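Just so it is clear, the structure is predicted and the values come from calculations on it, not from any experiment. To find a chain, count down the sequence lines: A is the first, B the second, and so on, and within it residues start at 1.
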Amino acid sequence: MATKINGVKGMNDLLPGQAARWQEMEAIAREVFALYGYREVRTPVVEPAQLFARGVGEATDIVKKEMYVFEDKGEDLLALRPEGTAGTVRAFIEHGAFVEGPQKWFYVGPMFRRERPQKGRYRQFHQIGCEAFGIAEPFLDAEQIALLDDFLARLGVRAELKLNSVGDRSCRPAYLQDLRAYLGSHKGELCADCNERMERNPLRVLDCKVESCQPVLAAAPRLLERLCPECAAHFEAVKSGLDALGVRYTVDTRLVRGLDYYVRTAYEFTSDALGSQSAVAGGGRYDGLVETLGGPPTPGIGFALGQERLAMILEKAGRAAPERKPVVFFVSADEAGAREALRRAAELRRAGIACELDPRGGKMKAQFKQAERVGARYALVLGGNEVQTGQAKLKDLATREETPVALADLVARVR
RNA sequence: GUGAGUAUAGCUCAAUCGGUAGAGCACUGGACUGUGGAUCCGGGGGUUAAGGGUUCGAGCCCCUUUACUCACCCCA
């Protein structure tokens with residue numbers, strides 16, 4: 001045998017047994033999105049690298065160290081998309097969709113980040129996400145969060161909703177300055193990581209889990225208390241919208257989003273069924289992003305949900321993934337029976353009834369085992385006798401009972 | 001990028017003090033030649049991740065490499 005070639009690190013195969021779960025996930029997502037008026041958009045997996053530098057943020061980890069970037073035959077600098085929002089916004093602008101008023105779009109597909117893989121984090125991972133453009137009002141935020149909540153509920157997933165506001169251009173900069181100053185004056189009491197984060201991403205410091213940092217962090221200024229009147233009103237309205245929709249949440253003042261473009265509403269659904277990567281979905285508002293990427297000033301809000309993480313939760317909850325099983329499995333006793341099985345299987349399939357047979361023929365025992373393994377409901381033995389008389393016995397594989405059936409009536413009997 | 005752990009059959013794992021590489025599951029054949037799941041008996045499967053070292057002798061001890069896993073950073 002030639003040497004074996006393995007798949008790329010952090011990029012996983014989804015075998016047929018698992019794929020059923022993913023199909024279910026996506027089918028329910030499509031249904032729920034439709035209920036809320038979101039329509040599917042499909043954009044390329046590859047985009048100009050520039051798009052993410054400008055959209056996601058030059059200083060973010062995603063752009064700085066996690067992007068797959070390559071030269072396209074010495075010409076353009078391209079990137080495998082690390083997230084879905086930038087490309088969706090690019091398409092929104094490029095096709096002038098903004099002239100038609102507000103748009104609600106969703107997408108499903110693979111994203112790529114070159115990180116060290118661990119539980120719940122992979123180099124190719126899959127997201128279901130949505131973006132709503134052109135509506136700045138807070139009830140949209142509430143409705144979109146409710147959409148995600150509905151979706152998770154339909155799958156029987158219990159996840160905790162954490163909500164926060166990260167302010168906007170008029171209140172966040174001043175707050176960050178104050179926060180930096182405060183943290184700077186307590187340098188000695190904070191861990192090494194915090195001292196690093198202080199400059200790069202001071203909001204992250206608030207999230208530190210190190211015990212010795214806690215006293216300083218507890219007394220740190222809170223963004224929620226420093227929101228400008230507009231942001232504060234927006235946040236209150238989002239909360240009242242969620243209350244009206246019956247969506248339960250907890251306000252988490254430490255909740256931070258990693259991408260530069262977020263303003264105001266930020267939220268996350270977390271589950272303790274996951275490993276250390278506890279967020280199954282996260283989202284927020286990005287009112288300046290369309291403009292940053294060359295479009296007209298357009299408010300926007302969206303979320304992304306990690307399919308691998310959701311699958312992990314479903315699996316842990318022991319929720320069975322529905323798979324379509326054959327209704328009939330044809331067992332052939334001889335050559336004539338095998339030929340008849342081929343014909344009858346075609347007849348059933350034309351009628352929309354799933355069925356299988358074992359083209360290898362062979363011993364009936366082996367064929368029955370095969371029928372059992374693929375989960376067929378009935379087995380039907382065909383041989384010279386049945387072909388001649390047109391009569392056969394339909395065997396219910398669960399009860400092992402056989403009932404006579406005329407081959408001419410087969411479709412009607414198993415439909 | 002940093003740290004820790006693991007690596008034996010397709011899968012899950014054993015192998016005593018360093019002394020002849022095993023079991024269960026799965027697959028397959030038979031008991032049962034036109035009727036599956038149970039039971040019993042049999043069969044194929046291995047460079048013990050790779051390379052080197054110590055030793056009379058290494059799956060086991062030492063070194064190097066690789067892969068995987070988990071965690072940090074960060075995120076879905």
Spacing of [X] atom [atom1] relative to [N] atom [atom2], expressed in whole Å:
{"X": "His126(A)", "N": "A76(B)", "atom1": "NE2", "atom2": "C1'", "result": "12 Å"}
{"X": "Lys9(A)", "N": "G1(B)", "atom1": "NZ", "atom2": "C1'", "result": "13 Å"}
{"X": "Leu305(A)", "N": "A76(B)", "atom1": "CG", "atom2": "P", "result": "11 Å"}
{"X": "Met11(A)", "N": "U69(B)", "atom1": "CE", "atom2": "C1'", "result": "18 Å"}
{"X": "Arg121(A)", "N": "C73(B)", "atom1": "CZ", "atom2": "P", "result": "10 Å"}
{"X": "Gln370(A)", "N": "A26(B)", "atom1": "CD", "atom2": "C1'", "result": "14 Å"}
{"X": "Arg123(A)", "N": "A67(B)", "atom1": "CZ", "atom2": "P", "result": "10 Å"}
{"X": "Lys369(A)", "N": "C32(B)", "atom1": "NZ", "atom2": "C1'", "result": "12 Å"}

Is any side-chain N or O of [X] closer than 4.0 Å to OP1 or OP2 of [N]?
{"X": "Ser276(A)", "N": "C72(B)", "result": "yes"}
{"X": "Gln127(A)", "N": "A76(B)", "result": "no"}
{"X": "Lys65(A)", "N": "C73(B)", "result": "no"}
{"X": "Arg373(A)", "N": "C27(B)", "result": "yes"}
{"X": "Arg257(A)", "N": "A76(B)", "result": "yes"}
{"X": "Gln277(A)", "N": "C74(B)", "result": "no"}

Euclidean distance for [atom1], [N] against [M] (whole angstrom):
{"N": "G1(B)", "M": "U65(B)", "atom1": "P", "result": "15 Å"}
{"N": "G44(B)", "M": "G10(B)", "atom1": "C1'", "result": "13 Å"}
{"N": "U35(B)", "M": "U69(B)", "atom1": "P", "result": "48 Å"}
{"N": "G30(B)", "M": "G37(B)", "atom1": "P", "result": "13 Å"}
{"N": "C61(B)", "M": "C70(B)", "atom1": "P", "result": "25 Å"}
{"N": "U54(B)", "M": "C63(B)", "atom1": "C1'", "result": "11 Å"}
{"N": "G59(B)", "M": "G3(B)", "atom1": "P", "result": "31 Å"}
{"N": "U39(B)", "M": "A26(B)", "atom1": "P", "result": "10 Å"}

Which part of the nucleic acid, if any, lies within contact of [X], taking any heavy atom under 4.0 Å across all strands shown: a base, the sugar-phosphate backbone alone, or nothing?
{"X": "Ile62(A)", "result": "nothing"}
{"X": "Val280(A)", "result": "sugar-phosphate"}
{"X": "Ala281(A)", "result": "sugar-phosphate"}
{"X": "Gly120(A)", "result": "base"}
{"X": "Gln124(A)", "result": "nothing"}
{"X": "Glu115(A)", "result": "base"}
{"X": "Arg116(A)", "result": "base"}
{"X": "Tyr122(A)", "result": "base"}
{"X": "Glu83(A)", "result": "nothing"}

Most 5' of Leu382(A) and Ala398(A) on RNA chain B, judged by nearest nucleotide
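Result: Leu382(A).
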For Gly275(A) and Lys363(A), find the nucleotide of RNA chain B closest to each by heavy atoms; which residue's nucleotide sits nearer the 5' end?
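Of the two residues, Lys363(A) wins.
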Among Arg285(A), Gln144(A), Lys162(A), Arg257(A), exactly one meets side-chain hydrogen bond (donor to acceptor under 3.5 Å, both in side chains) together with Tyr267(A). Which residue is that?
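The passing option is Gln144(A).
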Within the supplied structure, the quantity of interest is the number of heavy atoms (other residues, nucleotides, ligands) at a distance under 6.0 Å from Arg360(A) CZ; does it exceed 12?
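No - once you tally the heavy atoms of other residues, nucleotides and ligands closer than 6.0 Å, there are 12 at most.
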Picking from [options], which would you name as closest to the side chain of [X]?
{"X": "Lys395(A)", "options": "A71(B), U35(B), C74(B)", "answer": "U35(B)"}
{"X": "Ala304(A)", "options": "A31(B), A76(B), C70(B)", "answer": "A76(B)"}
{"X": "Asn385(A)", "options": "C73(B), G30(B), G34(B)", "answer": "G34(B)"}

Backbone N/O of Ala86(A) and side chain of Glu83(A): donor-acceptor pair under 3.5 Å:
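Yes: the side chain of Glu83(A) pairs with the backbone of Ala86(A).
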For the side chain of Gln367(A) and the backbone of Gly362(A), is there at least one donor-acceptor N/O pair under 3.5 Å apart?
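The answer is yes, because a donor-acceptor pair under 3.5 Å joins these two groups.
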Has the side chain of [X] got a donor or acceptor that lies under 3.5 Å from a partner of the other kind on the base of [N]?
{"X": "Gln367(A)", "N": "G34(B)", "result": "no"}
{"X": "Glu402(A)", "N": "U35(B)", "result": "yes"}
{"X": "Lys365(A)", "N": "U35(B)", "result": "no"}

Is there a Watson-Crick or G-U wobble partner for [N] with both distances under 3.5 Å, and if so, which one is it?
{"N": "A4(B)", "answer": "U69(B)"}
{"N": "G42(B)", "answer": "U28(B)"}
{"N": "G51(B)", "answer": "C63(B)"}
{"N": "U20(B)", "answer": "none"}

Should the pair [X]-[Y] be classified as a salt bridge under the 4.0 Å nitrogen-to-oxygen rule?
{"X": "Arg123(A)", "Y": "Glu115(A)", "result": "no"}
{"X": "Arg21(A)", "Y": "Glu24(A)", "result": "no"}
{"X": "Glu31(A)", "Y": "Arg154(A)", "result": "yes"}

Nearest-0.5 Å distance that lies between atom CZ in Phe92(A) and atom CD in Gln103(A)
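Between Phe92(A) CZ and Gln103(A) CD, I get 6.0 Å after rounding to 0.5 Å.
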Evaluate the criterion ring pair (Phe, Tyr, Trp, His ring centres under 6.0 Å) for residue pair Phe33(A) and Phe106(A); output intermediate values, then yes/no.
CA-CA 8 Å; Phe33(A) 277 126; Phe106(A) 77 90; 4.4 Å; yes
